[in-house]
Chemist: 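Got a structure for you, questions after.
We count ligands from 1, going down the list as the structure has it; atoms in each ligand are counted the same way.
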Amino acid sequence: MNNYKIAVLKGDGIGPEIVDEAIKVLDAVASKEGFNLEYNEYLIGGSAIDVFDNPCPDETIKGCLNSDAVLFGSIGGPKWDNLPKEKRPETGLLKLRKSLGLFANIRPAIIFDELVNASTLKPEVIKGVDLEVVRELTGGIYFGEPREKTDDVAFNTMIYTREEIERIAEVAFEEAMKRRKKVTSVDKANVLEVSELWREVVEEVHKRYPLVELEHMYVDNAAMQLIRNPKQFDVILTGNIFGDILSDEASMIVGSIGLLPSASIGGKVGLFEPIHGSAPDIAGQGIANPIATILSAAMMLDYLNESSGAERIRKAIKEVLAEGYRTKDIASFDAKEVVTTEEMGSLIAEHASK
Ligand code: IPM
Ligand code: MN
C-alpha cells in the first residue's frame with residue numbers, strides 16, 4: 001500500500017478548522033482508494049511566533065522537506081500585526097516558500113454550475129469559466145533587493161532574472177498544453193523595464209510551444225477583462241504581485257474566496273493551500289468555507305499521482321453543492337441549507353467514500 005508523509009501546517013485564524021475538514025475528506029478517500037496518509041504537524045505563522053518567537057522555525061522547514069507534500073491552512077491575525085517585519089506571520093510564509101523553492105503557484109478558478117448564483121457577477125458572464133493563474137512565487141517585488149524604509153522614504157525593487165522568467169513561463173506553457181492551449185502573459189511592459197524582459201523571455205519560451213497561442217496583456221487591462229469576459233482566459237501567466245492581486249479577483253468570479261485552491265511547486269516537495277487568508281474575524285465560529293482547502297487537498301493527491309482520489313474529492317464537492325448545501329459565504333437564494341464548516345467537511349467526506 002502506498003504511504004505518503006504529509007506535513008500539516010494549520011497556521012492561524014480559520015486555518016486549523018479548514019485543515020481539519022480537509023484531513024477528514026483525505027482520510028475518507030485514502031481508505032476507499034487504498035493508500036495511507038501519515039500526518040505530521042508543524043507550526044507556522046503566528047502560532048509559531050507564540051512558541052518559538054519565529055514565524056517559520058527551522059524544524060518546520062525540515063519537516064516539510066522530509067515529507068511527500070505539505071498541506072497548509074492560513075496565517076496571520078491582529079495579535080501579530082504590530083510586530084516588526086521579520087517577525088510577522090506573512091514573513092514566515094514567504095520564507096517557507098523560498099526555502100522550499102516553490103517558484104510556481106498554480107491557482108485554478110473553475111466555476112461550479114451549482115454556484116452561478118453565488119457570484120456577484122451575472123450568471124451568463126461566469127457560467128463555464130475555467131481558468132488558471134500561474135503566479136511566480138519566489139521573486140519579483142516580494143523578494144527584490146534593495147528594500148528599505150526610513151521615516152521619510154521607502155522603496156522595494158521589482159526584479160526578475162531571465163532564468164526566473166524562463167522557468168515560470170515553462171510551467172505556464174506546460175499547463176496550457178494540458179488545457180485549452182492559450183497563455184495570456186500579464187505584465188506592465190508599457191512602463192516597467194522588468195516587464196520588458198518578462199515579455200522577451202516569454203516570447204522565447206513560446207517558440208518551444210508552437211501549439212500554444214500566446215497573448216500579452218497589461219495588468220490594468222487584465223484586471224478589467226477578468227470581470228468583463230472571464231471566459232476568454234485559459235492560463236494567465238504573471239509575476240508575484242500581479243498574480244497575488246489577479247487571483248483574488250478571479251476568486252470573486254467563482255463566487256467566494258473560500259473556493260479557490262492552490263498548488264505551489266518547483267521544489268523538492270509541493271505545498272497545497274487555499275488562496276485565502278486566516279480570516280481572524282470569523283475564526284472559531286464554524287462558518288468558514290473549507291472547500292478551498294479541500295480542493296487544495298485534491299490538487300495534492302494529483303501531485304502524489306493519486307488522481308482517482310483527487311477526482312473522487314471533486315465529484316463529492318459537486319454532489320454536495322448540487323444537493324443545495326452551502327456555507328454562509330456562498331449561501332445565495334437557491335441554497336437548501338446553510339451548514340457549518342464541520343458539516344460541510346463531513347458531507348463531502350461521506351460523498352467521497354461512496
Ligand atoms: C497569498 C497571500 C500571501 C501573499 C500573503 C499572506 C503573504 O496573500 O498567498 O496570496 O501575498 O502571497
Ligand atoms: Mn493573496
Side-chain angles (χ1 to χ4, degrees), residues 9-16 18-19 22 43-49 54-56 60 64 70-109 131-144 147 156 158 160 164 168 186 219 222-223 226 236-254 256-267 270-281 283 288-289 292-293 295-296 299-300:
L9 279 54
K10 295 184 179 176
D12 314 317
I14 59 171
I18 53 178
V19 172
L43 294 176
I44 186 78
S47 47
I49 297 171
N54 178 347
C56 183
T60 298
C64 292
V70 182
L71 185 62
F72 190 100
S74 52
I75 45 107
K79 183 175 173 195
W80 307 283
D81 270 351
N82 296 320
L83 293 174
K85 182 67 153 303
E86 66 280 5
K87 286 267 168 74
R88 284 184 64 104
E90 290 81 357
T91 306
L93 175 56
L94 297 183
K95 181 177 159 201
L96 183 70
R97 289 171 176 167
K98 193 80 171 176
S99 311
L100 300 180
L102 304 171
F103 69 84
N105 184 218
I106 300 177
R107 299 186 157 185
L131 62 86
E132 190 170 286
V133 178
V134 174
R135 169 190 178 195
E136 201 290 327
L137 201 61
T138 52
I141 198 165
Y142 272 55
F143 292 92
R147 58 194 296 161
N156 292 88
M158 195 190 279
Y160 271 118
E164 284 175 312
I168 191 69
V186 171
V219 62
L226 259 175
I236 296 177
L237 159 64
T238 192
N240 207 341
I241 196 160
F242 297 157
D244 179 44
I245 298 165
L246 293 179
S247 56
D248 267 35
E249 191 185 348
S251 76
M252 280 296 107
I253 299 169
V254 171
S256 165
I257 193 156
L259 292 169
L260 252 62
S262 86
S264 301
I265 55 167
L271 180 148
F272 302 82
E273 59 168 323
I275 80 150
H276 61 70
S278 58
D281 52 322
N289 188 344
T293 314
L295 283 169
S296 303
M299 292 183 90
M300 182 177 88

Chemist: Report yes if some N/O of R135 lies less than 3.5 Å from some N/O of ligand 1; otherwise report no.
Modeler: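 Checking ligand 1 against R135, an N or O pair does fall under 3.5 Å apart.
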Chemist: Answer yes or no: is there a donor N or O on one side and an acceptor on the other, between the side chain of S262 and the main chain of R107, under 3.5 Å?
Modeler: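 Not at all, since once roles are kept as given, no pair shorter than 3.5 Å links the two residues.
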Chemist: Can any side-chain N or O of T238 pair as donor or acceptor with the backbone N or O of V186 at less than 3.5 Å?
Modeler: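 Yes, T238 side chain to V186 backbone: donor-acceptor pair under 3.5 Å.
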Chemist: Do ligand 1 and E90 have nitrogen or oxygen atoms that lie under 3.5 Å from each other?
Modeler: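 Such a contact does not occur with ligand 1.
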Chemist: Hey, could you give me the CD1/CD1 distance between I75 and I49, rounded to the nearest 0.5 Å?
Modeler: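 Answer for the CD1-CD1 pair, I75 versus I49, is 8.5 Å.
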Chemist: Could you list the atoms of ligand 1 found under 4.0 angstrom from a heavy atom of Y142?
Modeler: 4 (C), 11 (O), 12 (O)
Chemist: In this structure, does ligand 1 have an atom that sits under 4.0 Å from one of the heavy atoms of R88?
Modeler: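 The answer is no: ligand 1 sits nowhere under 4.0 Å from a heavy atom of R88.
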Chemist: Compare all side-chain heavy atoms of V133 with those of I275 and state whether any distance is below 4.5 angstrom.
Modeler: no
Chemist: Please find out if the Mn ion (ligand 2) and some N, O or S atom of D244 are separated by less than 2.8 Å.
Modeler: yes
Chemist: Quick check: are there more than 12 heavy atoms from other residues, nucleotides or ligands sitting under 6.0 Å from CG of N82?
Modeler: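 For N82, atom CG is not crowded (no more than 12 foreign heavy atoms under 6.0 Å).
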Chemist: Report the member of H276, R107, E273 with the shortest heavy-atom distance to atom 1 (C) of ligand 1.
Modeler: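 It is R107 whose heavy atom sits nearest to atom 1 (C) of ligand 1.
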Chemist: Taking all non-hydrogen atoms of both residues into account, name the closest pair between F103 and T138 and its distance.
Modeler: CB-OG1, 3.3 Å
Chemist: What is the nearest protein non-hydrogen atom to atom 9 (O) of ligand 1, stated with its residue, atom name and distance?
Modeler: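 The closest one turns out to be R97 NH2, 2.7 Å.
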Chemist: Could you list the atoms of ligand 1 found under 4.0 angstrom from a heavy atom of D244?
Modeler: 1 (C), 4 (C), 8 (O), 10 (O), 11 (O)
